[in-house]
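As structure tokens, the structure follows; a few thoughts come after it.
For reference, positions follow the sequence shown, starting with 1.
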Amino acid sequence: MQRFELFARLPVRVLAELVASANVQAFRAGEYIWHHNEPARRVVFIEQGFVKAARRNKEGVSRTYGLYGPGDSMGIFAIWAGMKYPTDAVAMNDGMMGIFVDSEAILRFAEKYPRLAGPLRIEIGRFADAFIHKIEIVSAGTVPQRLAVLMTMLIDRYGVDKKGNKARLPITLTLEQISEIVGVRLETVARIMSSWK
């Protein structure tokens with residue numbers, strides 16, 4: 001857990017209290033970590049893989065509102081705001097692994113160690129960042145511009161092997177997943193990606 005920015009500066013003996021109430025779970029692509037409107041009972045710290053925050057509209061079409069990957073957390077905003085989960089949390093790839101901590105344990109821990117207040121504010125702010133990024137993507141203009149903004153954001157946040165003007169994303173996104181994020185039909189994304197090759 002010390003690899004997560006929220007806990008990086010805590011001594012091991014202090015962190016051991018929280019670790020006692022944590023467990024690790026792995027998921028396959030498409031499995032739900034939690035559902036929209038469920039009570040916020042736990043927080044996930046993503047160890048590997050990616051998770052999308054999504055909701056289905058009245059027609060049953062899924063829309064993605066945020067992407068979270070290694071080093072990110074999900075659920076802190078909901079427990080701090082005393083609300084239910086505002087979206088589904090869905091694993092995007094096989095082997096997505098997260099460290100889960102009971103929400104009550106997180107709240108007790110934060111009360112006991114006030115030096116967590118600053119890092120927690122930053123962590124809660126990341127929830128808003130995900131939605132702001134979504135707004136930036138869908139308002140970027142044409143579909144190719146939206147795709148370019150999405151890819152740039154993903155590389156900036158999760159890119160590896162960065163050399164010059166090249167980088168690699170450590171995840172495979174399907175055309176369907178990309179179309180959900182950008183908000184257009186799968187065929188449109190396929191056509192644009194094909195022209196970019």
Side-chain angles (χ1 to χ4, degrees), residues 1 3-6 22-38 40-57 59-78 84-101 123 126-138 140 143 146-162 167-190 192-194 196-197:
M1 288 186 80
R3 289 197 295 266
F4 292 89
E5 194 176 320
L6 180 60
N23 64 64
V24 176
Q25 283 183 261
F27 294 82
R28 297 184 63 109
E31 285 188 323
Y32 284 78
I33 295 160
W34 57 66
H35 292 275
H36 165 241
N37 259 345
E38 280 183 6
R41 293 197 174 104
R42 58 189 192 156
V43 173
V44 61
F45 296 92
I46 301 169
E47 182 70 24
Q48 67 183 32
F50 286 80
V51 178
K52 67 178 177 179
R55 273 179 64 177
R56 294 196 177 278
N57 62 21
E59 291 77 38
V61 177
S62 180
R63 294 284 181 237
T64 299
Y65 295 97
L67 292 177
Y68 301 85
D72 293 338
S73 70
M74 292 180 76
I76 289 180
F77 180 84
K84 295 179 179 181
Y85 293 122
T87 62
D88 295 325
V90 185
M92 293 183 69
N93 55 298
D94 288 343
M96 178 268 145
M97 191 175 302
I99 301 169
F100 289 84
V101 182
E123 205 65 29
R126 289 196 175 130
F127 175 82
D129 283 348
F131 288 96
I132 290 166
H133 290 157
K134 172 68 176 184
I135 292 166
E136 288 175 3
I137 291 166
V138 296
V143 177
R146 288 189 242 168
L147 282 170
V149 169
L150 170 63
M151 294 304 165
T152 301
M153 286 180 177
L154 289 173
I155 290 292
D156 285 348
R157 178 73 176 105
Y158 305 109
V160 296
D161 303 332
K162 296 179 183 181
R168 182 177 64 81
L169 265 181
I171 180 177
T172 301
L173 292 172
T174 67
L175 291 177
E176 183 179 14
Q177 289 168 331
I178 293 170
S179 69
E180 276 185 30
I181 298 165
V182 177
V184 296
R185 294 178 55 217
L186 184 149
E187 295 80 10
T188 305
V189 172
I192 293 163
M193 293 289 200
S194 178
W196 283 359
K197 282 184 183 177

Q. Does Val149 offer a backbone N or O that forms a donor-acceptor pair with the side chain of Glu136 under 3.5 Å?
A. no
Q) Is the backbone of Pro86 close enough, under 3.5 Å, to the side chain of Arg55 for a donor and an acceptor to pair up by distance? A) yes
Partners passing salt bridge (charged side-chain N to carboxylate O under 4.0 Å, His left out) against [X] (at least two apart in sequence or in another chain):
X	value
Arg168	Asp161
Arg3	Glu47
Arg185	Glu187

Q.
If the condition is ring-ring contact (aromatic ring centres under 6.0 Å, His included), which residues does Phe50 pass it with, not counting sequence neighbours?
A. Tyr158
If I take atom [atom1] from residue [X] and atom [atom2] from residue [Y], how far apart are they, to the nearest 0.5 angstrom?
X	Y	atom1	atom2	answer
Ile181	Leu67	CD1	CG	4.0 Å
Asp72	Leu6	CG	CG	12.0 Å
Thr64	Leu173	OG1	CG	9.5 Å
Trp34	Lys84	CH2	NZ	15.5 Å
Thr152	Asp156	OG1	CG	6.5 Å

Distance-only donor-acceptor hits, side chain of residues 24-33, under 3.5 Å, sequence neighbours excluded:
residue, atom, partner, partner atom, Å
Gln25, OE1, Arg42, NH1, 2.6
Glu31, OE1, Arg28, N, 2.8

Compare every heavy atom of [Y] with every heavy atom of [X], then report the nearest pair and how far apart it is.
X	Y	answer
Ala22	Ile99	CB-CG2, 4.0 Å
Tyr85	Ala78	CD2-CB, 4.1 Å
Gly49	Pro70	O-CD, 3.3 Å
Arg63	Gly183	NH1-CA, 4.5 Å

Of all residues at least two apart in sequence or in a different chain, which pass the side-chain contact (heavy atoms from CB on, under 4.5 Å) check with [X]?
X	value
Arg41	Pro39
Lys162	Ile155, Ala167
Ala190	Leu175

Side-chain heavy-atom pair [X], [Y] within 4.5 angstrom cut-off:
X	Y	result
Val51	Met96	yes
Val90	Gln177	no
Trp196	Leu147	yes
Thr188	Val182	no
Val184	Ile192	no
Asp88	His35	yes

Q: Scan residues 171-180 for pairs that pass salt bridge (Lys or Arg N to Asp or Glu O under 4.0 Å), counting only residues two or more places apart or in two chains.
A: Lys52-Glu180
